[in-house]
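Quick notes on the structure that follows.
Residue numbering restarts at 1 for every chain, and letters A, B, ... go by the order of the sequence lines.
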Amino acid sequence: MERRVIIIAGPTASGKSDIAFTLAKTLSTEIISADSRQIYRKLDIGAAKPPDEYLTAVRHHFINSHDLNQPFDAGAFEVEALKIIDEMHSKGLIPIVCGGSGLYIRALINGIIDIAPDESIRSELKAKRDELGDEALYDLLKSIDPLAAASMTSRNYKRVLRALEVYYITGKPISEVHSTFQRGSEIEFMEYGITWDREILYSRINERVERMLEAGLVQEVQGILDDGYPPALNGLNTVGYKEIISYLYNEISLERAVALIQRNTRHYAKRQLTWFKKDPAIQWLKMELSGSASDISGKIYADIVNWGR
RNA sequence: GGGCAGGUAGCUCAGUCGGUAGAGCAAUGGACUGAAAAUCCAUGUGUCGGGGGUUCAAUUCCCUCCCUGCCCA
């Protein structure tokens with residue numbers, strides 16, 4: 001039988017979770033979340049996790065699956081998600097992948113080079129960066145892999161660091177590794193993108209942030225810090241958390257923190273839109289104020305019924 | 001009704017001793033192949049409140065009108 005997977009992507013606050021949930025109930029299937037922050041336990045309010053009713057009514061993979069101390073990344077997501085997809089297919093279920101982490105979705109669909117981060121190399125490079133600065137690392141990359149260097153700026157140190165890391169692990173320039181990489185797959189992905197008029201999306205974001213505060217975001221963050229989690233954890237380098245942490249450290253006012261969360265979420269949504277726009281396989285479904293999650297999930301359901309006909 | 005202070009980019013303002021203007025914030029476009037809610041790049045034409053006058057030239061000076069705020073009646 002065909003190996004189908006439905007993907008529901010889109011910017012934050014677009015209502016993806018509702019659509020995925022409604023569709024999952026209709027299809028009696030499970031959801032594979034593609035969200036780099038919702039994997040973490042304790043990041044509930046700020047990460048805008050689906051409500052508990054959803055989580056108990058439909059199985060959601062990759063939500064509350066990790067502790068804040070555990071690193072996770074797109075490569076791990078690819079491997080583990082493919083495994084879950086296999087299992088679901090063998091049970092005759094159509095997996096619904098839902099999330100806004102573009103890199104995770106790309107890794108799942110196209111694969112990602114199979115070179116895991118090496119912590120010792122990484123910390124060595126970080127030390128080098130602290131000592132010599134961004135320019136020196138960039139110059140180093142230029143001499144090793146001018147092609148890759150040309151595709152990034154010296155200040156984008158994360159990409160420079162990763163390119164160097166791959167070189168030190170494999171002995172090959174990352175540009176070469178990328179150009180020769182290809183992962184085959186039997187899976188047929190159906191991609192949908194949820195979108196709104198920008199203005200409406202932004203007001204949804206602004207309102208959602210207000211609701212997060214009412215729901216106790218400050219207390220949630222305080223609790224995480226009280227549990228001893230260091231603010232430097234990647235999971236806490238997240239919109240909604242970093243700003244509240246800054247407030248709790250008396251660096252900014254609560255009012256300012258809220259305004260920053262709203263703005264940073266808007267910026268984030270824009271970046272997601274930029275990312276997904278580049279994917280020609282996505283079929284965009286525009287939400288209207290008068291519409292509902294079931295309208296959209298109904299459309300997708302109709303597609304599925306007609307699939308292959 | 002009178003006095004004072006203002007009306008300049010979406011917002012808050014700066015500025016032009018007359019040669020059509022610039023910051024912060026917001027906003028917009030983009031990059032991205034194992035940290036991705038991360039990280040990074042690029043983008044500022046706006047009847048300088050309306051009208052008139054002086055001038056080669058007015059957003060800048062003068063007159064007048066409108067609007068906003070404060071004070072006095």
Could you list the residues that satisfy side chain to side chain donor-acceptor pair (under 3.5 Å) with Asp145(A), not counting sequence neighbours?
Ser175(A)
Pairing residues for Tyr229(A) by the side chain to side chain donor-acceptor pair (under 3.5 Å) criterion, not counting sequence neighbours:
Asp67(A)
Answer yes or no: does a side-chain N or O of Arg37(A) lie under 4.0 Å from OP1 or OP2 of A36(B)?
yes
Comparing Met152(A) and Ala48(A) on RNA chain B - which has the more 5′ nearest nucleotide:
Met152(A)
Can you tell me how far P of A35(B) sits from NE2 of His66(A), to the nearest Å?
14 Å
Under 3.5 Å, is there a donor-acceptor pair between the Gln262(A) and Tyr202(A) side chains?
no
Could you work out, with side chain to side chain contact (heavy atoms under 4.5 Å, CB included) as the rule, every residue matching Thr12(A), not counting sequence neighbours?
Ile205(A), Arg208(A), Thr265(A), Tyr268(A), Ala269(A), Gln272(A)
Go through residues 260-286 of chain A and report each residue with a non-hydrogen atom lying under 4.0 Å from RNA chain B, sorted by number.
Arg263(A), Arg266(A), His267(A), Tyr268(A), Lys270(A), Arg271(A), Thr274(A), Trp275(A), Lys277(A), Lys278(A)
Measure the distance from CD on Glu255(A) to P on C25(B) and round it to the nearest whole Å.
18 Å
Taking only residues two or more places apart in sequence or in another chain, which ones pass side chain to side chain donor-acceptor pair (under 3.5 Å) with Thr195(A)?
none
Please list, chain by chain and in numerical order, all residues satisfying side chain to side chain contact (heavy atoms under 4.5 Å, CB included) with Ser154(A), sequence neighbours excluded.
Glu135(A), Tyr138(A)
Could you say whether Arg129(A) or Glu78(A) is positioned toward the 5' end of RNA chain B, judged by the nucleotide with the nearest heavy atom to each?
Glu78(A)
Determine, stepwise, if the pair Lys42(A) / Asp227(A) fulfils salt bridge (Lys or Arg N to Asp or Glu O under 4.0 Å).
CA-CA 10 Å; Lys42(A) 295 182 197 285; Asp227(A) 288 341; 3.1 Å; yes
Is there a side-chain contact between Leu27(A) and Tyr301(A) in this structure, where contact means two heavy atoms from C-beta onward sitting under 4.5 Å apart?
yes
Once you round it to whole Å, what is the distance between C1' of G34(B) and CG of Leu103(A)?
7 Å
Can you check whether Arg122(A) has a side-chain N or O nearer than 4.0 Å to OP1 or OP2 of A35(B)?
yes
For the residue pair Glu30(A) / His60(A), report whether a side-chain donor-acceptor contact shorter than 3.5 Å exists.
no
Any salt bridge linking Lys49(A) with Asp35(A)? Criterion: basic side-chain nitrogen under 4.0 Å from a carboxylate oxygen.
no
Would a distance-only check, ignoring hydrogens and angles, find a side-chain to backbone donor-acceptor pair under 3.5 Å from Thr56(A) to Asp52(A)?
yes
Can you list, by residue number, the residues of residues 6-17 of chain A that have a non-hydrogen atom closer than 4.0 angstrom to RNA chain B?
none
Return no unless some side-chain N or O of Thr153(A) is found under 4.0 Å from OP1 or OP2 of C41(B).
no
Among the candidates U39(B), U33(B), G34(B), find the nucleotide nearest to the side-chain atoms of Arg106(A).
U33(B)
Contact check, residues 229-248 of chain A vs RNA chain B, heavy-atom distance under 4.0 Å, returns Asn234(A), Asn237(A), Thr238(A), Val239(A), Lys242(A)
Using heavy atoms and a sub-4.0 Å distance, could you list which residues of residues 194-217 of chain A are near RNA chain B? By number, please.
Arg198(A), Tyr202(A)
Applying ring pair (Phe, Tyr, Trp, His ring centres under 6.0 Å), which residue pairs with at least one partner in residues 14-49 of chain A are found, sequence neighbours left out?
Phe21(A)-Tyr54(A)
Only Watson-Crick and G-U wobble pairs, only distances under 3.5 Å, only runs of 3 or more: what stems does that leave for RNA chain B?
B:1-7 with B:66-72, B:10-13 with B:22-25, B:27-31 with B:39-43, B:49-53 with B:61-65
Would you jot down, in residue-number order, the residues of residues 162-193 of chain A having a non-hydrogen atom under 4.0 Å from RNA chain B?
Arg162(A), His178(A)
Using a heavy-atom cut-off of 4.0 Å across all strands, would you classify Asp114(A) as base, sugar-phosphate, or nothing?
base
Should Glu165(A) and Arg162(A) count as an ion pair when the cut-off is N to O under 4.0 Å?
yes
So what does Phe77(A) touch, heavy atoms closer than 4.0 Å: a base, only the sugar-phosphate, or nothing?
nothing
